[in-house]
Amino acid sequence: MEIHRFEKLWVAASLLLIVGFVSTVAYGAIGPGVSMVDDRGGQIDPDEVDQHPEFSDPGPRAIENGQADVYVVAYQFAFEPGSNEPIYVPRGTEVTFHMTSRDVVHGFSVVGTNMNTMVIPGQIATFTVEFDETGEYAVVCHEYCGAAHHTMAGTIQVVSQDRYAEIVANDGATTTTTAGDNTTTAGTTSTNDTTTANGSNDIAVATGVN
Ligand SMILES: [Cu+2]
């Protein structure tokens, strides 16, 4: 059977395209570390976000062992914190963001950087970053989430570690869940004794299984 020259050419071209597409996906996964939101951050009942030991009081947590955690809840059409008040993060410290959604799928994209994640109801998305300088970043929702999606935005405020400690202390003064929860390591859930004390242990254990 004779195959026409052009036929061979097109087969070769399409094979080359496929190899090209697979290579870009492989590069994204291995190089810049692009990955799907998985179970590393744990799972959560989207209807019970308000009862979760951390997400019931979202916001920044104190720096421990050179590492800080920040909890953010997304909903139609805001980030909490983020939209009404900035998300404060410390400069020169590893910051792990823990994010979940109360309603539909949202996105969290930090403008001008490669930081972004999908925020999926039921799932806790995490990523760790370090900010070298103080300043402000804009955050936008980059997953269409409803009629006012285009208004869903916020800011990240990078402050000095001293200022950050002040902010966390002031925030903690009005809540009961902040103290003691900070020993949670990034991406895992509270298995420390202190979570038992605040009565939210069911949820902490449920997410810990994952
Ligand atoms: Cu949104």
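The residues of the chain are indexed from 1 along the displayed sequence. Counting starts at 1 for both ligands and their atoms, following the listed order.
Residues V159 and V89 fall within the same hydrophobic cluster, defined by Ile, Leu, Val, Met, Phe, Trp and Tyr side chains chained together at heavy-atom separations under 4.5 Å.
Panel detail: the Cu ion (ligand 1) has protein N, O or S atoms under 2.8 Å away, 4 in number.
With sequence neighbours excluded, no residue forms a ring-ring contact (aromatic ring centres under 6.0 Å, His included) with Y164. Considering only residues two or more places apart in sequence or on other chains, Y144 meets the ring-ring contact (aromatic ring centres under 6.0 Å, His included) condition with H149. When the side chain to side chain contact (heavy atoms under 4.5 Å, CB included) test is applied to E136, the partners found at least two apart in sequence or on another chain are T155, Q157.
Remark: the Q123 side chain and the D39 side chain contain an N/O donor-acceptor pair separated by less than 3.5 Å.
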### Query
Should R91 and S160 be marked as a side-chain contact (heavy atoms from CB on, under 4.5 Å) after you check the CA-CA gap, both sets of side-chain angles, and the distance that decides it?
CA-CA 5 Å; R91 176 188 55 197; S160 69; 3.9 Å; yes
